[in-house]
2 protein chains.
Amino acid sequence: MTLQLTMQSSELSSEELSTLKAMRQRCAKNILLSTSLAGSGHPGGSLSTLDNLLVTYGCIKHDSKQPELEERDRVIMSIGHVSPGVYSTLAEYGYFTEEDFLTGFRRTGSGFPGHVERIVPGVEWDTGNLGQGLSTAVGLAHGFKIQKKNNQVIVFMGDGEHQKGQIVEAIRYASKYKLDNLIVVVDRNHLQICGTTEEVMPQSIRSLYSTNNWDVHYLEDGHDCNAYFQTFSRAYQKQDGVPTVIVSRTTMSKGISFMENIPKYHGSPLDRESLAKAMAELGFEDEFDKWSTLRRNPVGTKTIQQYRAPVVSVNKGEPILYEAGTMLDNRSAYGNALLGLAEANNSDNKMVVAGISCDLEGSVKMGGFHKHSPQAYMEAGIQEHHAATMAGGLSSLGLVTFFSTFGVFAVSEVYNQNRLNDFNHASVKVVATHVGLDVGEDGPTHQCVDYLGLFRNYFRSSVFMPADPNQTDRIIRFIAKEPGNVFVGMGRSKTPVITKEDGTPFFDTSYEFQAGKGDWIRKGSDATIITYGAVVPAVMEAWEILRQKGHSVAVLNMGSLLPVDREAVLTAADTGVVLTVEDHHVETGLGSIVGTILAEAGMGIRFQRSGVVQYGGSGKPAELYASQGLDGKSIATKVEGMLA
Amino acid sequence: MTLQLTMQSSELSSEELSTLKAMRQRCAKNILLSTSLAGSGHPGGSLSTLDNLLVTYGCIKHDSKQPELEERDRVIMSIGHVSPGVYSTLAEYGYFTEEDFLTGFRRTGSGFPGHVERIVPGVEWDTGNLGQGLSTAVGLAHGFKIQKKNNQVIVFMGDGEHQKGQIVEAIRYASKYKLDNLIVVVDRNHLQICGTTEEVMPQSIRSLYSTNNWDVHYLEDGHDCNAYFQTFSRAYQKQDGVPTVIVSRTTMSKGISFMENIPKYHGSPLDRESLAKAMAELGFEDEFDKWSTLRRNPVGTKTIQQYRAPVVSVNKGEPILYEAGTMLDNRSAYGNALLGLAEANNSDNKMVVAGISCDLEGSVKMGGFHKHSPQAYMEAGIQEHHAATMAGGLSSLGLVTFFSTFGVFAVSEVYNQNRLNDFNHASVKVVATHVGLDVGEDGPTHQCVDYLGLFRNYFRSSVFMPADPNQTDRIIRFIAKEPGNVFVGMGRSKTPVITKEDGTPFFDTSYEFQAGKGDWIRKGSDATIITYGAVVPAVMEAWEILRQKGHSVAVLNMGSLLPVDREAVLTAADTGVVLTVEDHHVETGLGSIVGTILAEAGMGIRFQRSGVVQYGGSGKPAELYASQGLDGKSIATKVEGMLA
């Protein structure tokens with residue numbers, strides 16, 4: 001039976017206080033032991049945030065026997081490095097044993113990594129990069145509101161961390177959307193690695209929140225469990241549309257006389273001798289040798305919690321067929337499909353599909369969705385860092401979360417936010433418009449030619465690029481049903497419906513999109529052009545030029561780039577001549593994927609790449625394409641050269 | 001003779017006011033004409049910020065006949081989209097003609113792109129991504145202080161833009177470093193694309209600055225030239241250690257009755273009919289057809305300004321030789337080299353080398369530099385977005401700017417900031433420590449395995465990866481002298497000095513680092529291992545295992561990855577068997593570079609890649625390497641398999 005505090009009480013009983021005190025002593029011991037045993041880790045912040053952590057878990061709804069209990073409150077550790085504090089607390093509350101933690105901490109293959117990860121029962125989110133935790137928490141809190149659930153979200157943050165700009169984005173957003181189910185606890189110990197927070201970068205944390213209309217509480221002694229309990233429990237129970245921050249004045253390394261307020265203990269464990277001294281202060285035997293011996297055994301893995309992106313039951317709705325001859329921007333096809341998904345799944349009673357944009361609703365064609373499902377549409381402002389991270393949190397609640405903005409803002413600007421979503425097996429549908437040279441006159445800063453080059457660096461995300469409005473429609477409906485993070489990119493301009501040789505739509509009603517499957521738009525025996533996205537029409541032009549000259553050229557469309565259709569590439573190579581064509585940086589896109597497949601297969605064929613070879617200019621898309629050899633004529637000429 | 005206002009005056013004369021009014025009318029005409037002619041662009045913000053722009057150029061030190069004048073003040077347009085406002089203003093001040101601008105705006109190959117770029121005479125920085133301009137300006141302002149120069153920096157910002165979190169990072173930094181040579185002008189028109197700033201994301205811009213101790217001025221009528229002049233000129237002349245912000249309440253599309261306060265004119269030009277109406281309001285003939293005809297001529301290029309990263313005269317100092325048998329982390333070798341550069345170049349009178357870090361001075365070994373050159377060392381706090389952008393600004397002043405933090409924060413976190421530096425031909429030396437699985441126990445969020453995968457997406461940056469302390473020393477001294485942006489990465493752990501077969505240091509005193517040149521650490525005829533960085537010692541172990549088994553294996557070290565030594569790769573391929581080995585994502589690093597070179601050369605050889613195939617764990621580096629096949633034994637086994 002673990003500690004359960006009654007939030008209706010006006011104060012903690014003396015019995016509860018002494019229970020908490022005993023828990024604190026054990027946790028302090030384990031924080032110091034675990035870091036000394038591992039020879040690395042972060043004891044200082046773990047000790048300063050410990051009292052607040054222990055009281056919080058005593059208050060909130062959670063069940064260590066059911067770590068995935070749907071009704072549980074969520075605790076997000078934005079300060080992922082205080083893992084020893086978190087693991088020792090979770091051990092006290094029965095999620096696993098002290099032994100599991102002490103024998104496993106920071107060992108290869110164990111379930112207790114250096115920064116908190118979801119493989120640890122009770123941990124809700126992998127963190128480690130500072131500044132993102134509040135946005136994740138905001139996403140969860142907003143998600144619960146959309147789902148009409150009463151779960152609350154508590155996020156622990158550092159004070160040095162508040163220097164990160166993303167935090168003020170999240171603060172504003174929480175205020176705008178009245179997230180009173182959100183409590184921020186700031187471990188205000190006034191120290192960071194290089195000195196005091198005042199020396200390193202002065203700021204007023206409280207005014208950051210108060211000027212954005214939060215409820216701000218300041219605890220002069222953050223280690224006073226009763227004071228924290230009183231503030232926390234009131235914040236937890238109120239429903240006034242105002243989020244709460246508790247700034248808790250703490251002491252780094254609290255409780256160990258010779259460690260207190262020494263910055264180096266942010267990230268350094270005690271040596272053997274100092275540890276013995278600390279153990280004595282805490283009233284424990286020195287257990288180092290005992291655990292050190294146990295850590296020579298093979299690492300335990302039984303506590304490791306598997307998790308994956310949530311599988312959501314989604315009705316794909318009725319696909320839309322755009323007839324041959326239609327000219328339509330893929331953005332509009334996306335907007336239509338998204339509206340279709342809303343109509344098929346969202347009702348006032350239950351929202352399944354959610355949408356986020358950043359001051360670009362019209363450009364990314366989310367207007368129809370917004371109108372249909374206003375409760376599930378989120379306008380995050382020009383705050384892409386926050387929006388991308390928040391999307392990860394939302395998606396983990398089983399909301400099918402579409403995040404749309406221009407490519408540069410959806411990929412290049414938020415690379416590290418999407419990366420953390422990838423770690424967390426989130427399920428964000430990043431649908432970016434205004435991708436590639438096709439952006440035209442807005443010029444190079446707005447021309448995203450690195451989406452594939454960036455997403456390839458994650459290990460778990462997919463990248464799909466539609467060739468026309470029909471494929472866009474199918475891809476959007478496909479990703480709504482598939483769990484996991486995905487990027488879908490499209491240009492700005494109107495583009496033709498791709499057709500079969502008989503003139504009917506290639507992606508017709510019988511077409512189903514499959515991840516990892518290329519589309520043979522044309523078969524041919526002399527050469528193969530492998531391509532995708534906005535330049536497919538130019539490739540079709542080249543195909544026609546080459547056909548008229550008597551060349552039999554195959555066109556392979558890679559709607560799925562991650563994963564890629566390796567078999568199809570090898571089949572293409574059988575023609576002996578392969579050219580890749582893409583509206584993407586030539587060094588980091590499909591060309592390098594195909595090149596590597598060919599090299600690994602040991603195939604010495606004629607292979608070349610066309611793509612973006614320098615930053616684009618500011619002008620009409622057709623001119624920009626021609627200037628980089630991505631127009632139909634240049635492509636045909638290149639293939640002819642390879643055939644010669 | 002262009003307008004020159006006297007800042008000592010208490011107010012503008014009526015003659016000056018009428019001159020400004022006439023200029024405004026012509027500029028307004030050209031803003032509307034240029035966007036209508038191009039069929040795209042941003043008239044609304046151009047018209048709202050126009051009055052402040054015109055007065056500013058009347059006040060500051062600048063010379064249109066010498067756009068690169070060293071004493072000039074710098075104007076940074078954080079709102080790069082108001083290019084029509086900027087170009088029309090610069091035309092008034094004689095940088096080029098109205099005709100140059102109107103015939104060239106937003107045409108492929110012209111010198112007048114959609115977002116401001118440095119190819120336009122008078123423009124100081126390419127912008128387009130919101131939120132970065134203030135950091136650039138802060139970098140310039142701090143750079144002038146370090147150089148003991150009196151130049152001032154003025155930055156124009158939008159109000160919607162203030163939602164970006166990076167801005168508050170820059171605000172804090174400017175306050176900490178007392179940058180009173182910095183003036184921010186906020187175009188406070190209360191509108192952004194999706195509605196009013198209050199609807200999209202409420203915030204108080206003035207309190208964002210005032211809580212961080214700036215001088216805050218609010219102009220109730222931002223179009224009142226005299227009021228702006230009085231405020232601006234006082235801010236320009238004061239020297240009190242406090243930066244200034246002028247929040248200028250303006251009206252979007254000011255001056256055209258039917259356009260005022262209509263959000264759509266943020267990004268839409270007038271159609272033909274509305275343009276005629278607007279011209280009439282402004283008292284001009286309708287010149288559309290005249291200019292439209294002129295725009296059918298080939299685009300003009302004579303105004304295009306070439307610029308490159310500054311070439312700085314630097315003394316490389318005396319290289320340090322680390323003897324065979326030495327074990328040293330490359331970080332320390334970096335710290336030693338940096339200190340050597342400071343000793344050889346920096347004096348109280350003149351700082352040449354500058355250093356920036358983000359609360360990690362000790363870990364990145366900048367302590368020695370900080371102690372030697374405190375005036376040129378900048379502690380930016382946990383504000384990497386700001387720091388990376390600021391570094392670009394600083395470097396453009398001819399300060400050799402080293403920016404150091406962990407790999408994840410120097411690359412993954414600030415991808416889009418480094419990208420803007422790449423656009424701007426800046427000269428930032430990003431030297432990142434704690435790169436790769438070598439980070440060990442801190443786990444996957446801290447293991448940067450995408451540095452090459454990310455930098456490859458820029459078009460102008462270099463990537464160098466030292467194999468040992470000697471190569472580190474030489475690379476650091478090399479990059480100090482070379483203009484341009486560069487990334488240098490290194491692990492955390494101690495690493496041996498790489499030796500020749502005779503046991504002496506491979507990178508000895510006769511070694512000179514060259515960009516684009518690989519190092520043949522061992523010659524061999526059966527196979528080649530191509531590698532770099534932290535795994536070179538493991539490759540040398542593999543080489544020894546293979547040697548003992550009678551295999552003649554070459555080892556090619558790629559200290560320079562961008563540019564890569566293509567010739568050396570082809571020479572390696574002559575052995576018929578090539579394996580790449582890297583502490584990097586296997587899909588996006590050296591393996592894919594080599595694979596693509598082989599494929600394009602049509603070489604069907606035996607080729608495989610070793611690298612990071614999944615997110616790393618939290619444990620000892622040696623164990624993490626072994627778990628991904630990157631230890632000596634695994635590498636040797638793999639080569640043997642390829643030879644079989």
Side-chain angles (χ1 to χ4, degrees), chain A residues 40 106-108 113-115 128-130 160 163-166 168-169 172 176 192-194 200-204 207 211 359 361 379 381-383 385 412-413 415-416 419 441-443 445-446 450 453 456-457 459 585 587-588 592 595-596 598-600 602-604 607 614-615 617-619 623, chain B residues 40 106-108 113-115 128-130 160 163-166 168-169 172 176 192-194 200-204 207 211 359 361 379 381-383 385 412-413 415-416 419 441-443 445-446 450 453 456-457 459 585 587-588 592 595-596 598-600 602-604 607 614-615 617-619 623:
Chain A
S40 67
R106 286 183 167 239
R107 286 180 68 196
T108 306
H115 287 80
N129 299 299
L130 295 175
Q163 291 155 14
K164 292 292 292 177
Q166 184 177 334
V168 70
E169 298 181 357
R172 283 186 207 115
K176 176 186 174 187
Q192 58 190 110
I193 296 175
C194 290
V200 175
M201 192 51 65
Q203 74 172 132
S204 163
S207 66
T211 57
D359 198 27
E361 176 184 329
E379 171 54 77
I382 309 173
Q383 305 190 143
H385 293 118
S412 322
E413 176 77 355
Y415 174 81
N416 211 31
R419 179 171 174 263
E441 288 87 346
D442 272 348
T445 57
H446 281 55
D450 50 16
R456 285 175 69 194
N457 291 287
F459 284 97
H585 194 307
E587 292 296 337
T588 60
S592 81
T596 309
L598 296 175
E600 282 199 325
M603 300 191 75
F607 168 65
Q614 60 179 34
Y615 290 119
S618 166
E623 293 169 5
Chain B
S40 65
R106 286 183 168 238
R107 285 180 70 195
T108 305
H115 288 79
N129 298 300
L130 295 175
Q163 290 154 14
K164 293 291 293 176
Q166 182 176 335
V168 70
E169 298 181 357
R172 282 186 207 116
K176 175 186 173 188
Q192 57 190 112
I193 296 176
C194 289
V200 175
M201 191 54 62
Q203 74 171 132
S204 163
S207 66
T211 57
D359 198 27
E361 176 184 328
E379 171 54 78
I382 310 174
Q383 304 190 145
H385 292 118
S412 323
E413 177 75 355
Y415 174 79
N416 211 30
R419 179 172 174 264
E441 289 87 345
D442 272 349
T445 56
H446 281 55
D450 49 16
R456 285 175 70 194
N457 291 288
F459 285 97
H585 195 307
E587 293 296 338
T588 59
S592 81
T596 309
L598 296 175
E600 282 199 325
M603 301 193 72
F607 169 64
Q614 59 178 33
Y615 289 119
S618 166
E623 293 169 5

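Convention: sequence-line order gives letters A, B, ...; per-chain numbering from 1.
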So which of Ser204(A), Cys194(A), Gly453(A), Gly619(A) has the biggest tally of heavy-atom pairs under 4.5 Å with chain B?
Cys194(A)

Given heavy-atom pairs under 4.5 angstrom as the criterion, report whether the side chain, backbone, both or neither of Arg456(B) touches chain A.
both

Starting at NZ of Lys176(A), measure out to CD of Gln203(B) and round the result to the nearest 0.5 Å.
12.0 Å

Gap between atom CG of Asn457(A) and atom CG of Asn457(B) - 0.5 Å precision:
7.5 Å

For chain A, find which of Phe607(B), Tyr415(B), Tyr615(B) contributes the most heavy-atom pairs closer than 4.5 angstrom.
Tyr615(B)

For Lys164(A) and Asn129(A), indicate whether the former's side chain and the latter's backbone hold a donor-acceptor pair under 3.5 Å.
no

Glu623(A), Gln383(A), Met603(A): which one forms the most heavy-atom pairs within less than 4.5 Å of chain B?
Gln383(A)

Which residue out of Ile382(A), Thr596(A), Thr588(A), Val200(A) racks up the most heavy-atom pairs below 4.5 Å with chain B?
Ile382(A)

Would you mind checking which part of Arg172(A) comes under 4.5 Å of any heavy atom in chain B, side chain (CB onward), backbone (N, CA, C, O), both or neither?
both

Examine whether an atom of Ser207(A) lies under 4.5 Å from a heavy atom of chain B, and if so say whether it belongs to the side chain, the backbone or both; otherwise answer neither.
side chain

Between Val168(B) and chain A, which part of the residue has a heavy atom less than 4.5 Å away: side chain, backbone, both or neither?
side chain

If you tally heavy-atom pairs under 4.5 Å against chain B, which of Gly114(A), Gly381(A), Gly617(A), Ala599(A) wins?
Ala599(A)

Quick check: closest heavy atoms across Asn416(B) and Glu413(A), and the distance to 0.1 Å?
ND2-OE1, 2.7 Å

Contacting moiety of Ser40(B), where chain A heavy atoms sit under 4.5 Å
side chain

Among Ser412(B), Gly128(B), Gly602(B), which has the most heavy-atom pairs under 4.5 Å with chain A?
Ser412(B)

Chain A interface, residue from Glu169(B), Glu379(B), Glu600(B) that has the most non-hydrogen pairs under 4.5 Å
Glu600(B)

d(Glu441(A) CD, His115(B) NE2) to nearest 0.5 Å is 12.0 Å

Can you tell me how far the CD atom of Gln166(A) sits from the NE2 atom of His385(A), to the nearest 0.5 Å?
6.5 Å

Atom CZ in Phe459(A), atom NE2 in His585(B): separation rounded to 0.5 Å?
3.5 Å

Highest number of heavy-atom pairs under 4.5 Å with chain A: which of Ile193(B), Asp359(B), Thr108(B), Asp442(B)?
Asp359(B)

